[in-house]
Amino acid sequence: LKSKTWEEFDEALHVPKNWLSLRGICFFSHDALNQFGLKHAWCSTEPLDHESELGRQTIQIVHTETVHVNLQEAQQDFKTLCEAEINASEAFDAGYKTEEAFMAKRDIWLAVYELLKDTKNVHSASLLDLSGCEKKLFSLAQNIDRLPQDNTLNSLVLIRRAWTLVDLFGSTATVYKWVSKISYLFGLMLGLMVIAASTVSYIMPDLVSGTSEQFL
């Protein structure tokens with residue numbers, strides 16, 4: 001908001017640290033930002049590539065000489081938007097992210113406890129440093145052991161039952177497959193026989209009696 005020109009205002013918004021801080025604090029979603037871009041002619045929302053360090057969407061200054069808007073008024077409108085979004089976020093946090101609200105959700109608390117009790121599986125990173133997050137995730141993925149060291153009795157019983165069902169379904173499917181193939185072959189042969197008999201009775205009617213022809 002200390003920018004003296006439109007160019008400085010646009011440049012300040014597109015500094016990764018500034019925009020990511022605003023995006024993380026103010027805008028829970030892009031709806032309010034999109035509505036702001038539609039109502040004000042001096043700016044528009046711009047979707048970005050998914051690999052952009054600014055995130056997926058940002059605000060773009062499109063002020064021109066044909067758009068007569070005071071810079072201070074535009075900055076004040078943007079400040080009002082940010083303050084309204086901050087108040088909405090604080091109201092949401094007060095209802096769902098306070099200690100009292102968090103402790104009331106026992107299932108979430110137990111899930112967090114199961115996660116945090118093993119410090120080897122807990123890591124931290126800053127969302128303002130997307131490249132650092134990417135490096136951290138990549139390094140963690142390299143060290144993941146896909147195979148468990150041991151299995152519980154319940155998991156072993158489930159695995160045994162699963163393979164029993166696989167064998168059972170596989171054998172049953174094999175029987176049905178052969179039955180369907182034989183039935184299809186029988187139907188095909190029966191159809192060929194009917195066509196052959198009909199053709200012979202039409203070409204050589206003396207070979208087929210009236211009773212046989214009526215039967216066919």
* Would you sort out whether Leu140 and Lys136 count as a side chain to side chain contact (heavy atoms under 4.5 Å, CB included), showing the intermediate values? => CA-CA 6 Å; Leu140 292 175; Lys136 172 69 74 173; 4.1 Å; yes
* **Results of side-chain contact (heavy atoms from CB on, under 4.5 Å) for Leu165 - residues two or more places apart only** => Arg161, Phe169
* **side-chain contact (heavy atoms from CB on, under 4.5 Å) involving Ile86 - partner list, sequence neighbours excluded** => Ile25, Cys26, Glu90
* Under 3.5 Å, is there a donor-acceptor pair linking the side chains of Ser89 and Asn87? -> no
* Where do Ser126 and Cys133 come nearest, in terms of heavy atoms and distance? -> O-SG, 3.0 Å
* Which atom pair, heavy atoms only, marks the closest approach of Phe36 to Leu81? -> CG-CD2, 3.5 Å
* Asked: Can you tell me how far CG of Leu137 sits from NZ of Lys135, rounded to the nearest 0.5 angstrom?
  -> 13.0 Å
* Which value, rounded to the nearest 0.5 Å, describes the distance between Ile159 atom CD1 and Thr164 atom OG1? -> 11.5 Å
Identify every side-chain donor-acceptor pair in residues 176-196 under 3.5 Å, counting partners at least two apart or on other chains, and give the distances.
| unit_1 | atom_1 | unit_2 | atom_2 | d |
| --- | --- | --- | --- | --- |
| Ser180 | OG | Tyr176 | O | 3.1 |
| Ser180 | OG | Lys177 | O | 2.6 |
| Ser183 | OG | Val179 | O | 2.8 |

* To do: Check the surroundings of atom CD in Glu11: do more than 12 heavy atoms from other residues, nucleotides or ligands lie under 6.0 Å from it?
  => no
* Asked: Got more than 12 heavy atoms from elsewhere within 6.0 Å of CD, Glu134?
  -> no
